[in-house]
**Student:** 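The structure that follows is given in the form of structure tokens.
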Amino acid sequence: MNFILRYSLFINVLISSVLISQDLKSSTNIKVLKKWSKEFISGVSFPVIKNDNKLITPLLDGNIQILDFNTGQRINRYNLGKGPILEMSHFNSNLTFIMPFERKSLRTYNIDSEKYILKKKIKFSPKYSLQNKSDSLIFGNNYQIGSINKFDGEENWFVKFEIPLVSKPYILNDQIIILNENNEILILSFNNGEIISKSKINKEVLSKKLLRGLSLEKDDNLYVTSYLGNFFSFNLIENKTNWFIKLKNYIYVSPIFNGANVFVCDASGKVFSLRASDGYLNWEFDTKLLINQDPMIINDELMIITEVGKIFFLDQLKGIMLNSIEIDGRVMFVEKIDESKILVADDSKKISLFEIKNN
């Protein structure tokens with residue numbers, strides 16, 4: 001889901017959820033078990049990170065709470081400044097996150113030693129940070145991307161763009177892949193930020209300022225969506241569009257890929273299954289509700305989350321509804337923790353952990 005849209009949803013509204021399971025007649029008996037719920041004085045930020053048997057939970061008031069994954073009980077709490085804490089990533093016990101209200105907005109905190117590794121005042125206001133197994137940390141916003149050493153904050157390189165960027169970058173094989181407003185796919189060097197290649201999406205129906213997100217899958221294929229309902233697959237190696245479709249409604253969420261098929265949802269509540277190789281429509285399902293979360297695959301079933309709190313489980317091959325559950329409140333985010341568990345937050349002050357079981 002688009003970065004700006006996600007944070008516009010939950011920065012202004014506090015978060016919570018109470019889930020009630022409903023058993024529907026179907027070929028598969030799916031059960032949803034609530035493991036625990038946790039209430040916070042402040043709202044929860046995103047993402048919540050699972051580390052072994054702990055949940056690292058960033059809050060909108062500038063705190064991080066460490067919860068027991070199995071019980072939801074608080075293990076530790078760190079007051080890191082004036083919130084919110086945004087775009088947190090985790091590597092080797094180091095938490096890197098953005099605090100837009102603090103002068104030194106990009107920070108890295110080690111939860112084992114309980115001390116800062118890095119406090120970095122950035123020249124501009126970053127909207128995201130990315131890290132991998134190297135010593136470099138990538139950060140940026142709509143017009144700039146930079147790289148710093150994640151331990152001492154020394155700048156490796158910095159690039160400024162005249163044309164705004166419209167997606168969060170992907171890091172793959174020492175390359176950075178990103179979309180810009182001019183319908184171009186840019187591939188940058190991870191080492192120095194230089195543009196390696198620039199691929200223009202030559203489609204008349206792809207208006208400027210409309211590309212909104214990308215998903216990178218195997219075989220070097222990108223799946224790209226736009227707000228106006230454009231959805232296409234693009235091959236980076238061959239530098240060409242594999243296929244293109246236009247849905248009748250806006251697209252607010254990112255697609256998901258299962259190997260043979262790709263699933264995408266539009267704003268009207270329709271779910272589409274397309275053959276990944278050529279875009280052929282396998283099936284469509286109408287929830288009749290606004291979908292504001294990315295679809296997920298859990299326990300081999302397709303899970304669709306709607307804004308009003310109803311979650312659908314669909315058969316991937318046939319598009320048949322297997323079950324549904326209801327949440328008491330508007331959904332702010334749903335995060336897949338592992339192959340059978342989801343963390344749900346809505347517009348009050350609780351997050352809840354649920355286990356999805358097929359019987």
Side-chain angles (χ1 to χ4, degrees), residues 1 9-10 14-40 43-59 65-76 90 253 256 258 263 265 269 271 285 287 289-359:
M1 184 177 182
L9 285 172
F10 64 74
L14 297 177
I15 302 170
S16 164
S17 107
V18 178
L19 247 168
I20 302 173
S21 174
Q22 293 184 4
D23 289 330
L24 301 181
K25 295 181 180 179
S26 65
S27 58
T28 303
N29 185 13
I30 297 177
K31 290 186 177 180
V32 180
L33 306 175
K34 184 166 68 174
K35 307 295 287 186
W36 52 261
S37 289
K38 174 72 175 179
E39 184 173 354
F40 297 93
V44 180
S45 187
F46 180 87
V48 177
I49 295 173
K50 182 178 182 293
N51 180 31
D52 296 327
N53 287 320
K54 300 176 182 178
L55 278 181
I56 304 170
T57 309
L59 303 180
Q65 290 201 19
I66 311 297
L67 308 181
D68 184 283
F69 175 70
N70 296 312
T71 66
Q73 296 298 310
R74 189 175 78 184
I75 298 174
N76 210 336
H90 177 265
V253 298
I256 188 172
N258 74 350
F263 306 100
C265 308
V271 184
F285 178 87
T287 68
L289 300 169
L290 174 64
I291 298 173
N292 67 338
Q293 301 289 321
D294 296 344
M296 302 179 187
I297 295 175
I298 189 164
N299 274 349
D300 293 325
E301 311 298 348
L302 182 64
M303 184 173 68
I304 305 297
I305 303 102
T306 65
E307 182 192 32
V308 296
K310 190 167 186 178
I311 300 179
F312 297 84
F313 294 91
L314 307 179
D315 182 281
Q316 289 190 59
L317 295 178
K318 301 178 180 179
I320 300 172
M321 186 175 72
L322 304 174
N323 203 348
S324 68
I325 57 177
E326 291 187 1
I327 296 173
D328 185 16
R330 293 186 176 273
V331 176
M332 306 310 292
F333 70 80
V334 177
E335 188 168 348
K336 181 178 176 180
I337 300 299
D338 58 31
E339 289 306 313
S340 64
K341 297 181 182 67
I342 58 174
L343 194 68
V344 182
D346 68 19
D347 57 357
S348 59
K349 298 180 180 179
K350 290 182 180 178
I351 61 173
S352 302
L353 182 70
F354 295 88
E355 184 174 10
I356 316 298
K357 288 188 173 182
N358 290 341
N359 293 330

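Since this is a predicted model, take the numbers as computed values, not measurements.
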**Student:** Looking at residues at least two apart in the chain, or sitting in another chain, which of them share a side-chain contact (heavy atoms from CB on, under 4.5 Å) with Asp338?
**Tutor:**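 Here the qualifying residues are Phe69, Ser340, Lys341.
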**Student:** Any side-chain to backbone donor/acceptor pair from Glu335 onto Pro47? Under 3.5 Å, distance only.
**Tutor:**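 Looks like no, no N/O pair under 3.5 Å.
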**Student:** What is the distance from atom CD of Gln65 to atom CD1 of Ile75, rounded to the nearest 0.5 Å?
**Tutor:**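 The CD1 atom of Ile75 is 11.0 Å from CD of Gln65, to the nearest 0.5 Å.
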**Student:** Of Thr57, Leu67, Ile66, which meets side chain to side chain contact (heavy atoms under 4.5 Å, CB included) against Arg74?
**Tutor:**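 Answer after filtering Thr57, Leu67, Ile66: Leu67.
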**Student:** So which heavy atom on Gln316 is nearest to which on Leu302, and how close?
**Tutor:**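 The pair with the smallest heavy-atom distance is CG-N, 4.0 Å.
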**Student:** Find out whether Ile304 and Phe285 are in side-chain contact, i.e. whether some heavy atom of one side chain is under 4.5 Å from a heavy atom of the other.
**Tutor:**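 No, side chains not in contact.
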**Student:** Without swapping roles, check the side chain of Asn292 against the backbone of Val331 for a donor-acceptor pair under 3.5 Å.
**Tutor:**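 Yes; judged by distance alone, with no hydrogens or angles, the pair exists.
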**Student:** Can you tell if the side chain of Met332 reaches within under 4.5 Å of the side chain of Phe46, non-hydrogen atoms only?
**Tutor:**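 Not in contact.
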**Student:** Using a 6.0 Å cut-off, check whether atom CG of Asp300 has over 12 heavy atoms from anything other than its own residue.
**Tutor:**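 Counting other residues, nucleotides and ligands, CG of Asp300 stays at 12 neighbours or fewer.
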**Student:** What I'd like to find out is whether the side chain of Asn70 reaches to under 4.5 Å of the side chain of Trp36, using heavy atoms alone.
**Tutor:**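 The answer is no, as the side chains (C-beta and beyond) never meet within the 4.5 Å cut-off.
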**Student:** Going through the checks in order, is the side chain to side chain contact (heavy atoms under 4.5 Å, CB included) test met by Ile325 and Phe313?
**Tutor:** CA-CA 9 Å; Ile325 57 177; Phe313 294 91; 4.2 Å; yes
**Student:** Flag yes if more than 12 heavy atoms outside Lys54 fall under 6.0 Å of its NZ atom; otherwise flag no.
**Tutor:**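 Not more than 12 within 6.0 Å, no.
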**Student:** Would you check if Asn323 and Val32 make a side-chain contact, meaning some heavy-atom pair closer than 4.5 Å?
**Tutor:**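 A side-chain contact is absent here, since even the closest heavy-atom pair is not under 4.5 Å.
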**Student:** Do you know the tightest heavy-atom contact between Gly72 and Lys38?
**Tutor:**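 The pair with the smallest heavy-atom distance is O-CD, 3.6 Å.
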**Student:** Give me the atom names and distance for the closest heavy-atom approach of Leu314 to Glu301.
**Tutor:**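 It is O-OE1, 3.6 Å.
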**Student:** Looking at CD1 of Ile56 and CG of Asn51, how far apart are the two atoms once the value is rounded to the nearest 0.5 Å?
**Tutor:**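 The distance works out to 5.0 Å.
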**Student:** Restricting to non-hydrogen atoms, name the atom on Ala345 and the atom on Ile351 that form the minimum distance, rounded to 0.1 Å.
**Tutor:**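 The answer is CB-CG2, 3.5 Å.
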**Student:** Taking all atoms of both residues into account, what is the closest heavy-atom pair of Val271 and Cys265, and its distance?
**Tutor:**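 Scanning both residues completely, I find the closest heavy atoms to be CG2-SG, 4.0 Å.
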**Student:** For Glu39, check side chain to side chain donor-acceptor pair (under 3.5 Å) against everything at least two apart and list the hits.
**Tutor:**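 Residues passing side chain to side chain donor-acceptor pair (under 3.5 Å) with Glu39: none at all.
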**Student:** Which heavy atom of Pro295 sits nearest to which heavy atom of Phe263, and what is that distance?
**Tutor:**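 Shortest heavy-atom separation between Pro295 and Phe263 comes out as CG-O, 4.2 Å.
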**Student:** What is the distance from atom CD1 of Ile311 to atom OG of Ser324, rounded to the nearest 0.5 Å?
**Tutor:**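 Interatomic distance, Ile311 CD1 to Ser324 OG, rounded to 0.5 Å: 9.5 Å.
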**Student:** Could you state the interatomic distance from CD1 (Ile342) to NZ (Lys35), rounded to the nearest 0.5 Å?
**Tutor:**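 The distance works out to 13.0 Å.
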**Student:** Distance from Gln293 atom CD to Met303 atom CE, nearest 0.5 Å?
**Tutor:**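 Going from the CD atom of Gln293 to the CE atom of Met303 covers 9.5 Å.
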**Student:** Tell me every residue that passes side-chain contact (heavy atoms from CB on, under 4.5 Å) with Leu289, counting only those two or more places apart in sequence or in another chain.
**Tutor:**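 Once residues adjacent in sequence are excluded, the partners of Leu289 under the side-chain contact (heavy atoms from CB on, under 4.5 Å) criterion are Thr287, Thr306, Val308, Lys310, Phe312.
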**Student:** Is it the case that the side chain of Lys336 and the backbone of Ile297 share a donor-acceptor pair, with hydrogens and angles ignored and the cut-off at 3.5 Å?
**Tutor:**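 Pair found, side chain donor or acceptor close to backbone of Ile297.
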**Student:** If you round to the nearest 0.5 Å, how far is OG1 of Thr71 from CG of Asn53?
**Tutor:**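 Answer for the CG-OG1 pair, Asn53 versus Thr71, is 10.0 Å.
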